[in-house]
Amino acid sequence: MKIPAKGMNPDTLMEMMETFKSRDLDWKSGRVFGFVYDPGREAMEVSKRAYMAFLTENGLDFTSFPSLLKLENDLISMAARHLGGDSDVVGNFSSGGTESIIMAVKAARDFAREHRPHIGQPELILPVTGHAAFHKAAHYLGVNLVAVDVNPATFKADPALVEQAITENTILIVASAPSYAHGVVDPIPQLAAIALKHGIPCHVDACVGGFMLPYFRRLGADFPDFDFTVQGVTSMSMDWHKYAYTAKGASMVLYRNRNLRKNQIFACAEWTGYSIVNTAVQSSKSGGPMAGAWATLHFIGDDGYLEIARNTWEATRQLVAGVEQIDGLRLMTRPDFCMFSFTSDEFSIFKLVDEMNGRGWYIQAQFAFAGSMENAHMSVGANNVGRISAFLKDLKESVAAVRDQPAGDLAAVVQAELAKMDLDNLGDKEIEEMMALVGMESGGSLPAKMADLNEILNAVPPRLKERLLVLYVNDAFSQDA
Ligand SMILES: Cc1ncc(COP(=O)(O)O)c(C=O)c1O
């Protein structure tokens with residue numbers, strides 16, 4: 001495509017763009033359990049208005065746009081109080097969970113550079129259930145990631161294993177509240193106590209859960225303390241754009257005090273242009289996401305969020321109970337949050353995912369890793385609430401439809417083939433040939449029925465899977481693909 005020779009009529013181009021969505025997930029149906037957090041039409045309108053009102057204001061320089069400083073400081077206060085912080089707690093807005101996590105790792109790394117200069121190669125300790133964003137942060141920031149196993153039954157971090165992994169180079173211990181895959185909250189009081197004892201910062205990744213957990217607690221849910229009320233917790237990440245239902249591009253990273261936060265701020269005066277000082281990765285940035293978040297929080301309010309929490313909690317309870325009653329399905333573990341996962345020991349969970357998604361639902365396939373077998377994940381949100389009995393009815397029928405389908409031997413075939421190969425020395429070309437064989441065609445398309453491909457990917461070692469995904473994406477984004 002070229003830039004059109006003449007500018008187009010806005011109605012025409014909006015119509016064109018709407019057609020691009022034809023194969024997207026239909027999140028408005030309430031049948032999609034993931035990706036989109038929909039607070040309902042009215043709240044969405046408020047969010048859009050606020051977003052548009054600040055679309056063009058530039059967060060590059062808050063002295064030129066003090067309105068953005070005001071919005072951010074309000075959000076910092078709301079987040080800090082929501083998460084049990086005292087008046088020393090500070091933080092910053094960021095574009096998402098990943099950016100918040102990158103900043104928290106950078107702050108811990110640079111804090112260690114200042115206070116523990118003997119550390120040559122910094123390490124962070126992450127339970128295997130911790131989010132991939134920590135791997136990304138470690139990769140970007142030159143920090144070694146030390147992964148530790150979790151309790152195989154509950155999928156919660158094991159404090160003894162975390163303590164054993166500490167070395168004189170450890171700059172950060174990470175815990176999740178909750179972890180994404182299984183929706184469980186780590187034993188944060190024990191983990192933070194270990195961190196405190198060894199003089200190491202402890203980050204709680206509450207990206208997905210931090211906003212709703214306090215409401216679930218008010219409704220009687222039982223899970224460990226996870227926020228700044230726990231001694232030893234030094235930083236936290238919490239996303240607005242997930243369960244606070246704000247427009248995407250909105251997260252928060254918080255620190256127990258300025259002394260630690262200082263290390264996330266970047267300044268540069270060593271070039272010929274304006275001096276830069278950035279709180280996070282982005283430099284020029286729209287005020288839209290921040291304004292959308294501020295407005296949504298004010299529009300829904302504490303009572304509105306409590307109501308959303310009550311409904312999603314009840315919906316999750318019904319779903320979990322429904323899954324438990326279906327013969328052949330098994331919960332991975334009991335969740336602490338409105339997210340959970342289940343599997344089957346009797347038939348291919350990937351076939352079940354295909355069957356459900358073919359019926360217009362969206363549930364997410366998760367691959368086996370570190371003692372967590374392949375499973376189906378669900379994130380339950382406000383717009384799924386009216387759909388629970390229809391979902392469970394279809395789930396029961398789908399189990400009946402797939403349970404007698406032959407299991408297939410794809411995984412065994414792949415493993416046998418891989419065993420013959422020197423995986424460490426595979427060239428890109430050989431990997432591309434493998435991809436073509438399994439239906440990962442060029443141009444970003446995937447087979448409509450994903451079960452076979454998922455079986456294969458599930459059998460591929462993680463490092464090879466990563467290379468394969470990089471090549472697939474490298475191909476998907478290209479001119480007019
Ligand atoms: C626990 C947890 N941490 C971090 C992230 C990363 O957030 P984002 O996708 O906004 O970068 C997620 C996303 O699902 C998450 O569930």
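Counting starts at 1 for both ligands and their atoms, following the listed order.
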Worksheet item: Do ligand 1 and V208 have nitrogen or oxygen atoms that lie under 3.5 Å from each other?
Response: no
Discussion item. Please verify the inter-ring angle class for F35 with Y362; under 30° counts as parallel, over 60° as perpendicular, anything in between as tilted.
Written reply: tilted
Worksheet item: Thinking salt bridges, do D227 and R217 make one under a 4.0 Å N-O criterion?
Response: no
Discussion item. Quick test of your reading of the structure: of K136, H131, H241, whose heavy atom lies closest to atom 12 (C) of ligand 1?
Written reply: H131
Worksheet item: Without hydrogens or angle criteria, can the side chains of W27 and D38 be said to hold a donor-acceptor pair below 3.5 Å?
Response: no
Item to complete: Tell me which protein heavy atom sits closest to atom 16 (O) of ligand 1, plus the residue, atom name and distance to 0.1 Å.
Response: Y180 CD1, 3.3 Å
Practice prompt. Could you tell me whether the side chains of N144 and E123 share a donor-acceptor contact shorter than 3.5 Å?
Written response: no
Discussion item. Quick check on contacts: which atoms of ligand 1 are under 4.0 angstrom from a heavy atom of D239?
Written reply: 7 (O), 10 (O)
Discussion item. Is it the case that the side chain of D186 and the backbone of A157 share a donor-acceptor pair, with hydrogens and angles ignored and the cut-off at 3.5 Å?
Written reply: yes
Fill in: Heavy-atom donor-acceptor pair, N357 side chain to I363 backbone, under 3.5 Å
yes
Worksheet item: Is it true that P178 lies under 4.0 Å from ligand 1, counting heavy atoms only?
Response: yes
Item to complete: Would you mind running through ligand 1 and noting each atom that sits below 4.0 Å from a heavy atom of C207?
Response: 2 (C), 3 (N), 4 (C)
Fill in: Nearest-neighbour protein heavy atom for atom 9 (O) of ligand 1, which is reported as residue plus atom name and distance
K242 NZ, 3.8 Å
Worksheet entry | Identity of the nearest option to atom 3 (N) of ligand 1, non-hydrogen atoms only, from D205, T129, T98 | D205
